[in-house]
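The figures here come from the full heavy-atom set of this structure, side chains too, leaving out hydrogens, waters and symmetry mates. Along the sequence shown, residues are numbered consecutively beginning with 1.
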Amino acid sequence: MRSFQILSLIFFISVFIITAIGSGKNLKKISGFHTFRKLLPFFMFICAAVLFGFVFLYIYPYQPRNPTNYPVYFVFNIILFSLFLFNLPMSLGLMLHYVFERNSKTRLFAYAGLLIATSLSSGIIFGATFGNRQIKIEHVKLEYSNLPENFDNYRIVQLSDLHLGGMFNPEKKLKKIKNQLDRLQPDLLLFTGDMVNNFAYESKKLEDIMAQITGIAESYSILGNHDYGDYTNWENTEKKQTNFNGILRSQELMGFTMLNNAHIILRRDEDSVVLAGVENWGHPPFPQYANLEKALAGVNPESFIILMTHDPAHWESQVSGKEDIELTLSGHTHGLQWGIKLAGIPFSLAYLTRKNWGGLYQTGNSVLYVNTGFGTVGMPWRLDMPAEITLFTLKRSKID
């Protein structure tokens with residue numbers, strides 16, 4: 001595994017250097033020698049500085065599994081990939097220019113490379129500056145013939161994937177959530193995992209504002225894959241366990257009741273529904289801690305059941321077609337924080353890795369909703385994939 005990581009780093013660095021050189025030569029083709037001579041030192045300095053930053057943060061002396069300040073990595077990732085996605089089409093445009101236009105005075109491919117390069121890098125910058133600030137409220141109405149009568153028009157808000165350690169100005173963003181929930185006035189607030197990136201300290205100064213959010217409605221949460229602290233290097237298992245205990249304690253201080261392979265009965269007068277939550281379950285390398293049998297132990301099989309499970313892969317593999325669960329709520333995917341609408345139909349490259357990446361899915365009487373998250377991971381950008389707050393209104397369908 002270590003050899004694979006080293007080879008991957010060598011490959012990326014090699015590609016980065018080659019594309020930077022190609023991009024520089026393409027700039028020379030477009031701007032002319034005299035103009036380029038003034039731009040070349042500045043452009044090469046930027047490329048060299050970014051490459052040095054990559055080595056400094058990702059190889060030595062720091063590594064991404066041992067960050068103390070996530071925003072530093074997030075900002076650098078934006079710079080790195082904006083430059084890389086500028087250089088890549090620029091170098092490809094140069095190559096096509098030499099193949100098809102070597103003996104011609106036209107520079108169509110060179111200019112096409114510049115146009116594509118500018119569009120790609122501008123898209124990343126836009127997503128990190130403006131797209132990352134957008135919030136969408138998804139209104140979802142679901143009808144069930146077996147919904148208890150007193151739960152007709154029951155309103156549930158789902159939040160997911162806050163990743164507090166990677167938020168810029170988290171207090172401001174959390175206040176926006178509170179303002180939205182004040183307006184929506186839900187009966188129930190559910191958080192479906194990934195409160196932090198790795199560490200308990202990420203949420204320490206945010207517990208008060210989160211408590212204001214959970215004070216709006218009865219609130220429950222589960223763990224996501226990031227909440228176990230698996231994405232960093234620990235000196236020993238005791239420190240990892242202490243960090244994990246701190247994450248659990250922090251969510252209690254926020255006002256959440258955690259459902260880790262457990263369930264609770266929600267009551268309205270003489271009617272009731274079951275709310276169950278499981279720990280994270282995902283396809284390897286993601287952990288598989290969920291115990292659905294334990295979570296539903298003692299539940300009347302005729303009960304209306306709402307399940308919280310962080311990774312939609314759990315629903316695909318363990319719930320759909322196997323368990324009589326009316327509504328499953330998940331997160332995890334972020335929709336890759338990028339999407340487009342094709343003929344009005346939302347699409348994300350996340351579909352290439354999982355078919356249930358965002359929105360509503362149904363198999364028989366079993367419904368899955370995948371929230372595309374509120375925070376970000378890897379890069380602090382969202383492009384046509386705004387931070388999401390989902391409001392479900394449960395309706396009791398009329399039976400003729």
Side-chain angles (χ1 to χ4, degrees), residues 67 69-71 73-74 131-138 156-181 184 186 188-217 219-231 243-244 246-260 277 279-280 308-311 329-337 358 369-382 385-391:
N69 192 341
Y70 285 105
Y73 275 85
F74 282 8
N132 193 27
R133 301 176 185 175
Q134 298 174 340
I135 298 175
K136 67 177 178 180
I137 311 295
E138 286 289 344
I156 302 171
V157 159
Q158 180 193 9
L159 292 173
S160 195
D161 299 85
L162 286 176
H163 292 278
L164 293 176
M167 274 191 183
F168 296 93
N169 199 350
E171 294 87 354
K172 183 178 180 180
K173 289 189 175 181
L174 295 179
K175 285 179 181 178
K176 288 184 178 180
I177 294 177
K178 182 185 180 301
N179 292 337
Q180 291 290 348
L181 266 61
L184 295 174
L188 186 67
L189 171 61
L190 303 179
F191 179 75
T192 47
D194 279 0
M195 182 67 72
V196 297
N197 289 325
N198 271 306
F199 305 110
Y201 69 75
E202 297 174 40
S203 59
K204 282 297 181 183
K205 296 181 179 180
L206 303 172
E207 291 163 347
D208 289 343
I209 180 62
M210 286 299 300
Q212 294 177 37
I213 293 172
T214 59
I216 296 171
S219 302
Y220 297 88
S221 69
I222 58 172
L223 295 167
N225 55 298
H226 279 264
D227 295 319
Y228 296 93
D230 289 340
Y231 301 107
N243 180 74
F244 182 64
I247 290 172
L248 299 181
R249 175 58 178 161
S250 181
Q251 292 215 29
E252 291 178 4
L253 294 174
M254 290 176 180
F256 286 107
T257 298
M258 301 203 71
L259 297 177
N260 295 327
E279 295 192 54
N280 190 77
M308 294 190 293
T309 179
H310 178 67
D311 192 327
L329 304 181
S330 296
H332 180 63
T333 70
H334 295 229
L336 281 186
Q337 298 166 199
Y369 188 87
V370 182
N371 180 294
T372 52
F374 197 90
T376 57
V377 68
M379 292 204 304
W381 82 310
R382 283 183 174 271
M385 192 67 64
E388 179 176 349
I389 299 172
T390 314
L391 174 67

Engineer: Verify, without hydrogens or angle tests, whether H226 (side chain) and N198 (backbone) share a donor-acceptor contact under 3.5 angstrom.
Structural biologist: no

Engineer: In Å and rounded to the nearest 0.5 Å, what is the OG1 to OH distance from T376 to Y70?
Structural biologist: 12.0 Å

Engineer: For L189 and L159, what are the C-alpha separation, side-chain angles and deciding distance, and is it a side chain to side chain contact (heavy atoms under 4.5 Å, CB included)?
Structural biologist: CA-CA 8 Å; L189 171 61; L159 292 173; 4.1 Å; yes

Engineer: Rounded to the nearest 0.5 Å, what separates atom CD in E171 from atom CG in N169?
Structural biologist: 6.0 Å

Engineer: Counting C-beta onward and ignoring hydrogens, is there a side-chain heavy-atom pair between W381 and N132 closer than 4.5 Å?
Structural biologist: no

Engineer: Is it true that, when you exclude N179 itself, more than 12 heavy atoms of the residues, nucleotides or ligands shown sit nearer than 6.0 Å to its CG?
Structural biologist: yes

Engineer: Can you tell me how far CZ of F256 sits from CD1 of I222, rounded to the nearest 0.5 angstrom?
Structural biologist: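 Reported value, rounded in 0.5 Å steps: 11.0 Å.
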
Engineer: Is there side-chain contact between F191 and M254, with at least one heavy-atom pair below 4.5 Å?
Structural biologist: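 Answer no - side chains too far apart.
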
Engineer: Testing the basics here: between P186 and A217, what is the closest heavy-atom pair and its distance to 0.1 Å?
Structural biologist: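 Closest heavy-atom pair between P186 and A217: O-CB, 3.5 Å.
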
Engineer: Would you please classify the geometry between the H332 ring and the H310 ring as parallel, tilted or perpendicular, with 30° and 60° separating the classes?
Structural biologist: perpendicular

Engineer: Does any N or O in the side chain of Q158 come within less than 3.5 Å of the main-chain N or O of S330, such that one atom is a donor and the other an acceptor?
Structural biologist: yes

Engineer: For a side chain to side chain contact (heavy atoms under 4.5 Å, CB included) check, start with the C-alpha distance between Y231 and N197, then their side-chain angles and the critical distance, and finish with the verdict.
Structural biologist: CA-CA 8 Å; Y231 301 107; N197 289 325; over 6 Å; no

Engineer: For the atom pair OG (S221) and CE (M308), what is the distance rounded to the nearest 0.5 Å?
Structural biologist: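 With rounding to 0.5 Å, OG (S221) is 6.5 Å from CE (M308).
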
Engineer: For a quick test of reading the model, state the closest non-hydrogen atom pair linking F74 to V377 and the distance between them.
Structural biologist: CZ-CA, 4.0 Å

Engineer: Taking the side chain as every heavy atom from C-beta outward, state whether R249 and E252 have any atom pair closer than 4.5 Å.
Structural biologist: yes

Engineer: Do I247 and M258 have side chains that get closer than 4.5 Å, going by heavy atoms?
Structural biologist: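 When only atoms from C-beta onward are counted, M258 and I247 do not touch, as no gap falls below 4.5 Å.
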
Engineer: Main chain of D194, side chain of D227: is a donor-acceptor contact present, judged purely on distance under 3.5 Å?
Structural biologist: yes

Engineer: If we ignore hydrogens and angles and just use 3.5 Å, is the side chain of E202 paired with the main-chain N or O of F199 as donor and acceptor?
Structural biologist: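 Present.
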
Engineer: Applying side chain to side chain contact (heavy atoms under 4.5 Å, CB included), run through T372 and K136 and close with a yes or a no.
Structural biologist: CA-CA 10 Å; T372 52; K136 67 177 178 180; 4.0 Å; yes

Engineer: For S160, which of V370, N371, I389 qualifies under side-chain contact (heavy atoms from CB on, under 4.5 Å)?
Structural biologist: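 For S160, the side-chain contact (heavy atoms from CB on, under 4.5 Å) test succeeds with only one of V370, N371, I389, which is N371.
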
Engineer: Measure the shortest side-chain to side-chain distance between M385 and L336 over non-hydrogen atoms and say whether it is less than 4.5 angstrom.
Structural biologist: no

Engineer: So which atom in M379 and which in Q337 form the shortest heavy-atom distance, rounded to 0.1 Å?
Structural biologist: O-NE2, 2.9 Å

Engineer: Search all heavy atoms of G331 against all heavy atoms of T192 and return the closest pair with its distance.
Structural biologist: N-OG1, 4.2 Å

Engineer: If we check side-chain contact (heavy atoms from CB on, under 4.5 Å) with N225, which of these qualifies: D311, D230, N280?
Structural biologist: N280

Engineer: Quick one: do V157 and L188 satisfy side chain to side chain contact (heavy atoms under 4.5 Å, CB included)? Show the steps, please.
Structural biologist: CA-CA 6 Å; V157 159; L188 186 67; over 6 Å; no

Engineer: Supply the atom-to-atom distance L259 CG to T309 OG1, rounded to the nearest 0.5 angstrom.
Structural biologist: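 One gets 12.0 Å once the value is rounded to the nearest 0.5 Å.
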
Engineer: Between I135 and F374, is any pair of side-chain heavy atoms under 4.5 Å apart?
Structural biologist: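 Yes, close enough: below the 4.5 Å cut-off.
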
Engineer: Between the side chain of R382 and the main-chain N/O of G375, is any donor-acceptor distance below 3.5 Å?
Structural biologist: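 At least one qualifying donor-acceptor pair exists.
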
Engineer: So how far is it from L174 CG to L162 CG, rounded to the nearest 0.5 Å?
Structural biologist: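 Result: 6.5 Å between the selected atoms.
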
